[in-house]
Amino acid sequence: MSAETPRRIVLLRHAKAEWSQESDHDRPLADRGRRDSPAAGRWLAGTGVTPDLTLCSTAVRTRETWKLAVHELPQRPRTVYEERLYEASLGELIALLNETSDDVHDLMLVGHNPGMHALADALAGEAEGDLLPRMNRSGFPTAAIAVVAFHGSWKTVEHGVGRLVAFWAPHD
């Protein structure tokens with residue numbers, strides 16, 4: 001695969017979680033989150049984007065979101081549960097992208113805000129139509145998905161490298 005091959009980064013924020021006595025890391029999905037997660041998977045399946053690799057935060061709510069969403073996809077991508085996605089800063093998220101093998105065409109991250117929104121906004125040097133203002137107005141709600149396309153190696157991912165080509169939220 002050439003470094004000039006178009007690639008996509010799919011960013012999925014976990015679905016709505018319960019507020020509970022559990023630690024933040026151990027919070028489960030709320031009923032709405034259990035409904036929105038499969039809807040996110042159906043939307044992603046409808047786009048034709050099939051991630052080669054999914055990096056999913058180890059938090060309970062992200063794992064549950066992914067488990068419910070992935071059942072809607074035509075094929076299950078290789079999934080790695082990545083501790084560094086939990087509470088990751090923008091710089092840490094970009095560093096994770098830079099570590100990705102160039103064998104990966106489409107990469108999915110299942111994580112948290114403010115990181116997912118910050119990463120989508122930072123990478124999107126351009127956007128189709130009104131996607132960027134729409135994403136920013138929405139605040140990247142729970143179960144939202146952004147798809148950013150770029151050309152080049154994962155090692156070259158930096159601010160402004162991509163184009164926001166899709167944004168979806170379950171209650172848009």
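Only a predicted model underlies this, so the values are computations on that prediction, with no experimental measurement involved.
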Test side chain to side chain contact (heavy atoms under 4.5 Å, CB included) on Asn98 and Glu158 and set out the steps.
CA-CA 9 Å; Asn98 293 154; Glu158 60 184 13; over 6 Å; no
Inset, instruction - Go through the steps to decide whether Met108 and Val49 satisfy the test side chain to side chain contact (heavy atoms under 4.5 Å, CB included), and finish with yes or no. - result: CA-CA 10 Å; Met108 182 167 202; Val49 176; over 6 Å; no
Start with the C-alpha distance between Arg7 and Leu107, add both sets of side-chain angles, then the distance that settles side chain to side chain contact (heavy atoms under 4.5 Å, CB included), and finish with yes or no. CA-CA 8 Å; Arg7 300 177 194 280; Leu107 174 68; over 6 Å; no
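Linking ILVMFWY side-chain heavy atoms closer than 4.5 Å, directly or via other members, places Leu90 and Tyr86 in two distinct hydrophobic clusters. Grouping the Ile, Leu, Val, Met, Phe, Trp and Tyr side chains by contacts below 4.5 angstrom, directly or via other members, places Trp43 apart from Leu29. Taken together through direct or relayed side-chain contacts under 4.5 Å among Ile, Leu, Val, Met, Phe, Trp and Tyr, Trp19 and Val60 form parts of separate hydrophobic clusters. Residues Met116 and Leu96 fall within the same hydrophobic cluster, defined by Ile, Leu, Val, Met, Phe, Trp and Tyr side chains chained together at heavy-atom separations under 4.5 Å.
In this structure, Trp168 and Ala143 approach most closely via the heavy-atom pair CZ3-O, 3.3 Å. Here the closest heavy-atom approach between residue Gly111 and residue Ser57 is recorded as CA-CB, 4.5 Å. Across every non-hydrogen atom of Phe167 and Pro141, the tightest pair is CZ-CD, 4.3 Å. For the pair Ala166 and Leu131, the tightest heavy-atom approach, listed with the atom from each and the gap, is N-CD1, 3.5 Å. Here the shortest heavy-atom pairing between Ala15 and Ser37 reads CB-OG, 3.3 Å. Residues Ala45 and Glu72 share a closest heavy-atom pair of CB-O, 3.4 Å.
With sequence neighbours left out, the salt bridge (Lys or Arg N to Asp or Glu O under 4.0 Å) criterion links Glu18 to no other residue. Evaluation of the salt bridge (Lys or Arg N to Asp or Glu O under 4.0 Å) rule for Asp121 yields no partner, not counting sequence neighbours.
From Glu83, atom CD reaches atom CG of Leu55 across 13.0 Å, with rounding to the nearest 0.5 Å. Taking CG of Leu53 as the reference point, atom CZ of Arg78 lies at 4.5 Å (rounded to 0.5 Å). Going from atom CG of Leu73 over to atom CZ of Arg42 covers 11.0 Å, rounded to the nearest 0.5 Å. Note: His112 NE2 to Asp24 CG = 8.0 Å, rounded to the nearest 0.5 Å. The structure places CZ of Arg76 at 14.5 Å from OG1 of Thr50, a figure rounded to the nearest 0.5 Å.
Asn113 and His14 are not linked by any side-chain donor-acceptor pair at a separation below 3.5 angstrom, with hydrogens and angles left out of the test. Using modelled atom types and a 3.5 Å distance limit, the side chains of Thr79 and Trp66 yield a donor-acceptor pair. Inspection of the Thr142 and Arg32 side chains reveals an N or O donor paired with an N or O acceptor under 3.5 Å.
No option in Leu109, Leu12, Val110 other than Val110 meets the side chain to side chain contact (heavy atoms under 4.5 Å, CB included) test with Cys56.
Side chain of Arg27 to backbone of Ser20: no donor-acceptor contact under 3.5 angstrom is found. A side-chain donor-acceptor contact under 3.5 Å links Arg63 to the backbone of Thr58. Looking only at distances, a side-chain donor or acceptor of Thr100 sits under 3.5 Å from a matching main-chain atom of Leu97.
Ring geometry for His117 against Phe140 counts as parallel: the plane angle stays under 30°, on a 0 to 90° scale with 60° as the upper cut.
Within the 4.5 Å cutoff, the side chain of Ile94 has heavy atoms near those of the Leu119 side chain. Contact check for Leu123 versus Leu164: no side-chain heavy atoms found under the 4.5 Å cut-off. Using a 4.5 Å heavy-atom threshold, the side chains of Arg84 and Glu99 count as touching. Residues Thr62 and Thr65 are not in side-chain contact: their nearest non-hydrogen atoms beyond the backbone lie 4.5 Å or more apart.
A salt bridge is defined here as a Lys NZ or Arg NE, NH1 or NH2 lying under 4.0 Å from an Asp or Glu carboxylate O, and Asp52 with Arg8 fails to meet this definition.
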